[in-house]
Amino acid sequence: MTDATELRRRTQELLAAHPPASTGRTAFLEARFDAGLAWVHYPAGLGGLDAPRSLQAVVDAELAAAGAPDNDPRRIGIGLGMAAPTILAYGTEEQKRRFLRPLWVGQEVWCQLFSEPGAGSDLAALGTRAVRDGDTWVVNGQKVWTSSAHVARWAILIARTDPDVPKHRGITYFLCDMTDPGVEVRPLRQITGEAEFNEVFLTDVRIPDAHRLGEVGDGWKVAQTTLNNERVAIGGARIPREGGMIGTVSRTWRERPELRTHDLHQRLLDLWVDAEVARMTGERLRQQLVAGQPGPEGSGMKLAFARLNQEISGLEVELLGEEGLLYGDWTMRRPELVDFTGRDAGYRYLRSKGNSIEGGTSEVLLNIVAERVLGLPPEPRNDKDVAWKDLAR
Ligand SMILES: Cc1cc2nc3c(=O)[nH]c(=O)nc-3n(C[C@H](O)[C@H](O)[C@H](O)COP(=O)(O)OP(=O)(O)OC[C@H]3O[C@@H](n4cnc5c(N)ncnc54)[C@H](O)[C@@H]3O)c2cc1C
């Protein structure tokens, strides 16, 4: 049984064998993975020790106290939060061994090739085609809003392999090499002026069958693991009390008394309480995760995250008055990660608009909560039994 004492002992052993001060960052992270201290709830040999997920905090605290480098989780969020749990759940042994170590260490960045121009909320309507040719699949189509595609080495991809069956049934899940010559990545400029996401054109991309994840035609089921984890990854990050955006605006309130008004005070207090409730709900959700896979409850967290980010960043802009309208830099940058707290108020205000769209729109998440958490009657779905090729487009 791997308990907290055992994890502390193993962590100290790792630190003694690879002192952070004299070990390169990548070498340290690889050694940490090999010692099973990367994600302790993963299986032994794959970066974990089959330990309870809640004990990860014990390892993280010991390593932070020793000044050990981390794997910069924000830079590799799609890999850690979405690709890894899906590969773990559906991958072959060979796939798990090939992909999980460089993913966790951060040597290989991942992106998500799901959304298409005609398939976002209705993702199962996607039209990117994968046609089998011996041991490979030939993929043609267009994806859109692909965050991090410009820095990604691999992508999780869903494509249509059977147009003759209803839309949810003819999809297959693949791991796509972004360096394949048929993959073309073009920047998409956002309201912030940056291009953190992209259009991705796939032209005769050849994916070996060995890079199929799950059974042919089972892609929708496999994608549910990704999507449930995505909502937790976007809305469920652990933050300290008065951390994140509410921390930034509270600090401004304390440090700049000349900006204060009675109305804004009341709104700040309301949002402070809402942010604390969301934070504690997140803690509860994480405790549930310890016991199993994320369910639709993650949708509730992601909903609250989007609403709070938009309302808090709006309050901050109002509080700062004219200063809040300043926007530092409109040059089109290609950031590797989204940094909410290290930027100015204008950036936070503009970037948080996307929070109610990415990872499922708030309207769609409300439907999920209504149907799967509250058990309310489902939306009418007339196309459930119609072959994808016969759907109106
Ligand atoms: C910042 C950002 C990053 C993203 N990153 C990625 C990524 O890396 N990879 C990826 O694959 N995708 C990514 N996306 C895409 C995102 O998942 C889609 O934009 C989203 O699912 C919505 O799809 P859509 O844009 O096609 O809008 P649509 O589905 O066309 O929706 C349009 C409007 O109709 C509403 N609507 C649609 N269906 C219903 C319904 N049944 N009930 C009520 N209202 C409905 C929606 O809420 C929305 O307001 C990203 C998006 C953003 C904003």
A.B. asks: So, using side chain to side chain donor-acceptor pair (under 3.5 Å) as the criterion, who are the partners of D344 when residues are at least two apart?
C.D. replies: none
A.B. asks: Whether R351 and E196 form a salt bridge (side-chain N of Lys/Arg under 4.0 Å from carboxylate O of Asp/Glu) is what I want to check.
C.D. replies: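 A salt bridge links E196 with R351.
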A.B. asks: Within the side chain of T136, is there an N or O that forms a donor-acceptor pair under 3.5 Å with the backbone of R132?
C.D. replies: no
A.B. asks: Under 4.0 Å between a Lys/Arg side-chain N and an Asp/Glu carboxylate O for R97 and E94?
C.D. replies: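 Result for this pair is no, no salt bridge flagged.
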A.B. asks: Look at E242 together with R254 and state whether they make a salt bridge at an N to O cut-off of under 4.0 Å.
C.D. replies: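 Answer for the salt bridge query: yes.
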A.B. asks: Could you list the residues that satisfy ring-ring contact (aromatic ring centres under 6.0 Å, His included) with F174, not counting sequence neighbours?
C.D. replies: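 So F174 forms a ring-ring contact (aromatic ring centres under 6.0 Å, His included) with W137.
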A.B. asks: Is the distance from the ring center of H211 to that of F99 below 6.0 Å?
C.D. replies: yes
A.B. asks: With no hydrogens and no angle check, is any side-chain donor or acceptor of R260 less than 3.5 Å from a backbone partner on W253?
C.D. replies: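 Yes, R260 side chain to W253 backbone: donor-acceptor pair under 3.5 Å.
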A.B. asks: Keeping the roles fixed (side chain from Y349, backbone from L325), state whether a donor-acceptor pair exists under 3.5 Å.
C.D. replies: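 No, because the side chain of Y349 does not come within donor-acceptor range (under 3.5 Å) of the backbone of L325.
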A.B. asks: Under a single-linkage definition using a 4.5 Å side-chain heavy-atom cutoff for Ile, Leu, Val, Met, Phe, Trp and Tyr, are M178 and W110 assigned to the same hydrophobic cluster?
C.D. replies: no
A.B. asks: Once rounded to the nearest 0.5 Å, what's the spacing between atom NE2 of H18 and atom CD of E13?
C.D. replies: 9.5 Å
A.B. asks: Looking at Q95, is its backbone amide N or carbonyl O close enough to the side chain of T92 to form a donor-acceptor pair, meaning the two atoms are under 3.5 Å apart?
C.D. replies: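 The answer is yes, because a donor-acceptor pair under 3.5 Å joins these two groups.
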A.B. asks: If the threshold is 4.0 Å, N to carboxylate O, is there a salt bridge linking E184 and R186?
C.D. replies: yes
A.B. asks: For the side chain of K389 and the backbone of P166, is there at least one donor-acceptor N/O pair under 3.5 Å apart?
C.D. replies: no
A.B. asks: If I take atom CD from residue E336 and atom CD1 from residue I76, how far apart are they, to the nearest 0.5 angstrom?
C.D. replies: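 Here the interatomic distance stands at 11.0 Å.
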A.B. asks: Can you list the residues that meet the salt bridge (Lys or Arg N to Asp or Glu O under 4.0 Å) rule with R10, with sequence neighbours excluded?
C.D. replies: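 So R10 forms a salt bridge (Lys or Arg N to Asp or Glu O under 4.0 Å) with E6.
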A.B. asks: Tell me which pairs pass salt bridge (Lys or Arg N to Asp or Glu O under 4.0 Å) where either residue lies in residues 364-373, with sequence neighbours left out.
C.D. replies: E371-R381
A.B. asks: What about the rings of Y42 and W104, do their centers lie closer together than 6.0 Å?
C.D. replies: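 Here the rings of W104 and Y42 have centres that are no less than 6.0 Å from each other.
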A.B. asks: Just jot down the side chain to side chain donor-acceptor pair (under 3.5 Å) partners of S299, sequence neighbours excluded, or say none.
C.D. replies: none
A.B. asks: Using a strict cut-off of less than 4.0 Å between a Lys/Arg side-chain nitrogen and an Asp/Glu carboxylate oxygen, indicate whether E194 and R334 qualify as a salt bridge.
C.D. replies: no
A.B. asks: Can you tell me how far apart CD (E230) and OG1 (T86) are? Round to the nearest 0.5 Å.
C.D. replies: 10.0 Å
A.B. asks: In terms of side-chain geometry, is the basic nitrogen of D177 or R98 positioned less than 4.0 Å from the acidic oxygen of its partner?
C.D. replies: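 Not counted as a salt bridge, because no side-chain N and carboxylate O are separated by less than 4.0 Å.
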A.B. asks: Which distance, rounded to the nearest 0.5 Å, do you find between the CG of L259 and the CD of E323?
C.D. replies: 6.5 Å
A.B. asks: Are any side-chain N or O atoms of N229 and backbone N or O atoms of T225, one a donor and one an acceptor, separated by less than 3.5 Å?
C.D. replies: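 Yes; judged by distance alone, with no hydrogens or angles, the pair exists.
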A.B. asks: Using a strict threshold of under 4.0 Å (side-chain N to carboxylate O), is an ion pair present between D180 and R206?
C.D. replies: no
A.B. asks: Assess whether a salt bridge exists between D270 and R267, defined as any Lys/Arg side-chain N lying under 4.0 Å from an Asp/Glu carboxylate O.
C.D. replies: no
A.B. asks: Answer yes or no: is there an ion pair linking D218 with R169, defined by an N-O contact shorter than 4.0 Å?
C.D. replies: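 Judged by the 4.0 Å cut-off on N to carboxylate O distance, D218 and R169 do not form a salt bridge.
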A.B. asks: Please report, to 0.1 Å, the donor-acceptor pairs under 3.5 Å made by any side chain of residues 362-370, with sequence neighbours excluded.
C.D. replies:
unit_1, atom_1, unit_2, atom_2, d
E363, OE1, T361, OG1, 3.4
N367, ND2, E379, OE2, 3.4

